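Numbered from 1 within each chain, the chains take letters A, B, ... in sequence-line order. Keep in mind the model is a prediction, meaning the values are calculated, not measured.
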There are 2 protein chains.
Amino acid sequence: MPAGGTARASSANNKRGKPPVLTEDQIVDAALEVIRTEGLEALSMRRLSRELGRSAMAAYWYVEDKQQLLNLVAKKMLAEVPLPDPESGTWDERLRKVVAAIDAKLREHPGIAEILLQRMLSTDRRLMNGVFEILISAGFEGPETFLTYAMIHTYLFGRYQVVLHADEVPDEEQVDNLEDAVATQLPHLERLRGRDFFSYGVDTIIAGLQARLDAKANA
Amino acid sequence: MPAGGTARASSANNKRGKPPVLTEDQIVDAALEVIRTEGLEALSMRRLSRELGRSAMAAYWYVEDKQQLLNLVAKKMLAEVPLPDPESGTWDERLRKVVAAIDAKLREHPGIAEILLQRMLSTDRRLMNGVFEILISAGFEGPETFLTYAMIHTYLFGRYQVVLHADEVPDEEQVDNLEDAVATQLPHLERLRGRDFFSYGVDTIIAGLQARLDAKANA
DNA sequence: ACCTGAACACCGTTCAAGT
DNA sequence: ACCTGAACACCGTTCAAGT
């Protein structure tokens with residue numbers, strides 16, 4: 001049972017001109033690249049090994065299983081997300097900044113959102129702490145902090161799973177149903193971009209959280 | 001290319017004591033049952049065929065591919081969700097009712113949430129219309145209606161993807177990090193149930209939406 | 001009309017073996 | 001220490017064939 005720590009390779013091997021050897025970093029980067037260019041569903045352990053020019057099982061010396069690889073991939077991405085300065089504005093301004101920074105990274109690697117959605121706690125601890133500090137500074141206490149964090153998490157990463165399949169959008173023939181409330185609104189849908197959905201949702205969540213804080217203050 | 005319409009079988013076959021034949025309904029029910037008892041990841045086309053006592057390809061006569069089967073499964077579940085009477089209360093009371101009714105069904109078949117999260121438009125049209133009508137009656141207009149619908153959709157179905165893996169929750173040794181904002185809040189997490197996360201999120205979203213409506217009214 | 005069987009091109013992972 | 005190769009138990013789907 002190998003693959004315990006984070007730095008596995010290069011500890012004692014390339015001290016004397018040995019052939020180049022894989023590193024965990026190379027493996028994670030190769031995985032990220034496959035996800036970036038072809039999506040998460042294209043990433044298989046066998047595909048990854050082809051990318052690395054090794055046999056199918058090579059990566060298993062560095063990683064216990066596929067789930068652990070996905071953990072590492074998600075953590076690596078989140079590690080690059082900057083945290084706003086704690087003094088840099090009101091709690092909601094700072095929350096908007098982190099959330100926008102995470103979203104920017106997700107736009108580069110949309111497949112990662114699916115991994116992260118399922119892992120609320122095993123994410124980058126630095127980032128999670130940053131968000132918790134923002135929420136606590138806003139005035140959330142006790143269980144509320146987790147409830148709020150979970151809600152933001154769900155929306156932020158869940159959003160990327162909601163895809164509009166082209167064949168779902170009905171065409172002209174459906175417009176005849178004037179009784180259909182959805183049909184009457186459909187023309188608006190074409191003008192909406194992912195960005196619109198994102199900022200509308202974030203703004204609404206923050207407005208709702210502010211209402212909670214206000215209600216607490218008047219009690 | 002068979003499997004065009006919804007009612008495929010039993011139109012002309014069991015009129016004269018022929019051997020019993022599969023129906024789309026049986027197939028969808030068998031799929032629902034597998035999802036209910038073992039989760040979505042346990043449902044494969046081959047597993048389904050075993051459940052039906054047929055060969056691996058039997059279901060393909062009724063369904064074009066696995067995606068279409070999942071569409072049918074999701075629609076069947078949503079078709080059972082009751083819509084509240086349009087006169088039965090304020091918009092937010094009615095919205096809470098639909099959303100709670102959907103959540104009740106999801107608790108029976110948690111795997112379905114994953115299917116639905118990815119299909120915002122190809123859901124039960126009756127239900128989607130019901131929600132749209134509630135939103136329009138609340139005062140949302142134009143693109144706002146879609147933005148609001150999408151937000152509710154994302155939270156409602158995304159929530160079921162957020163699972164707390166037992167091995168993620170750190171134990172006593174992490175409590176030493178008193179600097180760690182997350183660690184200080186961890187004791188609260190154990191007392192929280194799925195229900196708490198659900199109602200906290202729904203309440204916050206509704207509060208945020210109400211704030212939007214209020215802002216519109218004062219303009 | 002309804003279903004079977006074989007086949008293809010994949011998966012993740014175990015385990016023994018090679019260098 | 002680091003990796004290969006074969007094998008196992010799976011997938012979804014195509015396509016020809018059976019009744």
Go through the structure and list residues passing side-chain contact (heavy atoms from CB on, under 4.5 Å) with [X], not counting sequence neighbours.
X      : value
A:K97  : A:P84, A:S88
B:T148 : A:Y200, B:L135, B:F140, B:I152, B:L209
B:D124 : B:L78, B:A79, B:R126, B:L127

Rounded to the nearest angstrom, tell me the gap between atom [atom1] in [X] and atom [atom2] in [N].
X     : N      : atom1 : atom2 : value
A:R54 : C:dG18 : CZ    : C1'   : 15 Å
A:E24 : D:dC2  : CD    : C1'   : 15 Å
B:W61 : C:dT4  : CH2   : P     : 13 Å
B:R50 : D:dA9  : CZ    : P     : 13 Å
A:L52 : D:dT4  : CG    : P     : 10 Å
B:R47 : D:dA9  : CZ    : P     : 17 Å

Exercise. Is it the case that B:Y160 and B:D103 place a side-chain donor and acceptor less than 3.5 Å from each other?
Worked result: yes
For this session: Can you sort out the partners of A:H153 under ring pair (Phe, Tyr, Trp, His ring centres under 6.0 Å), two or more places apart, ordered by chain and number?
Result: A:F157
For this session: Could you tell me which residues satisfy ring pair (Phe, Tyr, Trp, His ring centres under 6.0 Å) with B:F132, sequence neighbours excluded, listed by chain and number?
Result: B:F146, B:Y149
Please list, pair by pair, any protein nitrogen or oxygen found under 3.5 Å from a nitrogen or oxygen in nucleotides 13-16 of chain D.
residue	atom	partner	partner atom	Å
D:dT13	OP2	B:Y60	OH	2.8
D:dT13	OP2	B:K66	N	3.0

Problem set entry | D:dA9 and C:dA9, which share atom name P, separated by this distance in whole Å |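 So the two P atoms sit 22 Å from each other.
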Problem set entry | Separation between the C1' atoms of C:dC11 and D:dA7, rounded to whole Å |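 Each nucleotide's C1' atom is 14 Å from the other's.
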Exercise. Would you say C:dC3 has OP1 or OP2 under 4.0 Å from some side-chain N or O of B:Y62?
Worked result: yes
For this session: May I ask you to evaluate whether B:S44 reaches the phosphate of D:dC11, defined as a side-chain N or O under 4.0 Å from OP1 or OP2?
Result: yes
Exercise. side-chain hydrogen bond (donor to acceptor under 3.5 Å, both in side chains) with B:Q161: which residues, sequence neighbours excluded?
Worked result: none
Exercise. With A:E144, which residues qualify under side-chain hydrogen bond (donor to acceptor under 3.5 Å, both in side chains), at least two apart?
Worked result: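 Counting only residues at least two positions away or on another chain, A:E144 forms a side-chain hydrogen bond (donor to acceptor under 3.5 Å, both in side chains) with A:K216.
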For this session: Would you sketch DNA chain C in dot-bracket for me? Only Watson-Crick or G-U wobble pairs with both distances under 3.5 Å count, crossing pairs as [ ], other-strand pairs as |, the rest as dots.
Result: ||.|||||...|||||.||
Problem set entry | Student check: side-chain heavy atoms of A:D92 and A:R96 closer than 4.5 Å | yes
